[in-house]
Each structure stands twice: as C-alpha cells, then as structure tokens.
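Notes follow once the structure below has been shown.
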Amino acid sequence: GAGVSQSPRYKVAKRGQDVALRCDPISGHVSLFWYQQALGQGPEFLTYFQNEAQLDKSGLPSDRFFAERPEGSVSTLKIQRTQQEDSAVYLCASSLVWGARTEAFFGQGTRLTVV
Amino acid sequence: KQEVTQIPAALSVPEGENLVLNCSFTDSAIYNLQWFRQDPGKGLTSLLLIQSSQREQTSGRLNASLDKSSGRSTLYIAASQPGDSATYLCAVRTTSGSRLTFGEGTQLTVNP
C-alpha cells in the first residue's frame, strides 16, 4: 500500500485480556518503530526493528509487552494481561533506512481502550 | 536523557496571520529534528525534516529553523488557513540512539 497500515483501528479489551496489534509498513522499508501515545501527550518510544532484528526494546514498559517482526515486514505488538494504564493510541512508523536524512512515516494508529 | 518542550501548548489565531511555534531540546547531539502534524484521531503526517548540519527547511507556507547549539527549533507558518488547524509535534533524534523523542505538541486553531 501507499502508507503504513495498522489494524484494528479501535480495540476494546477487558482488563486481563491479551491483545495483538498489527502494523504493515511501507513496502521495502527496513526500519520499523512502535510508539505509545497517551491522551494529550506526545508519542513515547516503545521499540525499534531493523528488518527482523529488534535492535532496541528499551521503551517497552513491562514484560507484558512484546513485539515481533519475523519476516522483516509485518510487525505485531502484543500486550498480555492488559491493564487500564495500557489504554492509549499505539502508533507504528516505518522508514526506508534510519539515517540523518530519512523521515519516519506513521500509520493512523490503533486506539486501545481497556475496561 | 533528551527532553523536548513545545511552547505554547495551545494557540488560537484568526485566518491570515503568520505564526511561530517553538520547540526546545536539552541534548544538542542530534541527528535531525522533524516536525509533524496530527489531526484529531489520526496518525502523524511528516511536515519537515532538518538535518543537524542544516539551519532551515522550507515547504510551501512552512519554514522550520534549527539552532542546534541553543537547542531550539521554530516552525513558521505563513498566511495561516483554517485547514492548518491541528496539533503540531516536534521530534528529535539524538546521535546516541534510534528513537525519536517528541514534545507534547502545540494545538493550533485557525479561525475563519
């Protein structure tokens, strides 16, 4: 597709449920990022992939959060045993390579509400 | 740890005004700085990217400047239009990592 695609757009989960959020990056983009955006805040970094390698996961808030990109294209962010504080918009971004001249392109996000 | 601050948090102007949004960052060792626009319920749209070696970038009515030594960037919007109403975010990538660090944004309203 022409841009970064995320699904689902909206997800309501009961506290304690596991959820999986999908990101389809722009075709050919090597770098992929996940960010978490709370209401009224700027996005906060979660994790970074270069192809299938997860090079930085220092932003993941707990071991309940797990991300993968097994074939170097589509990525999934999984949250286990969801809690109310996990409610946020989860944004995926991709970049052709990750250098000084390259922009990150963001998807529309998945809004997760934990009830 | 890089910290990014945006001032003002909100701005309301009449159509046609020129305006300036401010972004400051604490660590001047940056690769680049990127300005984004976010419409309600939507993702981020990249507006301009300034490399650390550059002082400004222009795209249409938008001009972004970078003063790395003082840790500041400004986004200038000329002849504002109601369609410019959105939240504007700046994000910095430092040389020590892969992440973008975002400010909290400036919510702009341009009134017809």
Side-chain angles (χ1 to χ4, degrees), chain A residues 1-7 9-10 21 23-26 29-51 53-60 88-111 113, chain B residues 1-10 21-25 29-54 57 59 62 64 66 68 73 86-107:
Chain A
V4 178
S5 178
Q6 293 187 245
S7 60
R9 287 292 315 279
Y10 304 92
L21 312 180
C23 173
D24 283 88
I26 294 172
H29 277 198
V30 168
S31 300
L32 184 144
F33 308 82
W34 284 97
Y35 286 81
Q36 179 190 59
Q37 187 176 24
L39 189 64
Q41 305 292 314
E44 295 277 347
F45 171 83
L46 295 176
T47 188
Y48 163 58
F49 289 87
Q50 184 173 305
N51 294 307
Q54 189 174 19
L55 298 185
D56 188 349
K57 56 181 181 179
S58 61
L60 296 176
V89 175
Y90 290 85
L91 295 165
C92 176
S94 72
S95 180
L96 184 59
V97 292
W98 195 224
R101 302 180 185 180
T102 50
E103 301 169 70
F105 295 90
F106 281 77
Q108 294 205 359
T110 294
R111 181 177 296 278
T113 304
Chain B
K1 177 187 172 184
Q2 178 73 271
E3 294 182 2
V4 179
T5 303
Q6 291 188 245
I7 295 173
L21 308 181
N22 296 291
C23 172
S24 61
F25 47 94
I30 65 169
Y31 266 134
N32 56 44
L33 182 146
Q34 200 166 352
W35 282 93
F36 294 89
R37 167 187 174 137
Q38 187 171 33
D39 293 280
K42 301 289 181 64
L44 280 62
T45 300
S46 178
L47 297 174
L48 290 164
L49 179 144
I50 310 178
Q51 298 174 54
S52 62
S53 58
Q54 298 176 320
Q57 280 285 349
S59 177
L62 305 180
L66 174 64
K68 195 172 65 168
S73 176
T87 295
Y88 290 80
L89 293 155
C90 75
V92 174
R93 182 184 173 195
T94 56
T95 57
S96 61
S98 54
R99 69 181 65 191
L100 291 174
T101 301
F102 284 84
E104 293 192 349
T106 294
Q107 185 173 357

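Residue numbers start from 1 in every chain, and the chains themselves are labelled A, B, ... in the order their sequence lines are given, proteins ahead of strands.
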Distance in Å, A:F105 CZ paired with B:T45 OG1, rounded so as to fall on 0.5 Å steps: 10.5 Å

Measure distances from A:A93 to the heavy atoms of chain B and classify the residue's part below 4.5 Å as side chain, backbone, both or neither. neither

Look at atom CD of A:Q54 and say whether more than 12 heavy atoms of other residues, nucleotides or ligands are closer to it than 6.0 Å. yes

Part of A:T47 lying under 4.5 Å from any heavy atom of chain B: neither

CD of B:Q107: more than 12 outside heavy atoms within 6.0 angstrom? no

Go through A:Q50 and B:S98 one step at a time and tell me if the side chain to side chain contact (heavy atoms under 4.5 Å, CB included) criterion holds. CA-CA 10 Å; A:Q50 184 173 305; B:S98 54; over 6 Å; no

Mind checking the NZ-CG spacing from B:K42 to A:L91? Nearest 0.5 Å is all I need. 13.5 Å

Flag side-chain contact, heavy atom, 4.5 Å: B:L100 against A:Y35: yes

Taking all atoms of both residues into account, what is the closest heavy-atom pair of B:S46 and A:E103, and its distance? OG-OE1, 2.5 Å

Residue pair A:G42 / B:L89: nearest heavy atoms and the distance that separates them: CA-CD2, 4.2 Å

Report which part of B:Q38 has an atom under 4.5 Å of a heavy atom belonging to chain A: side chain, backbone, both, or neither. side chain

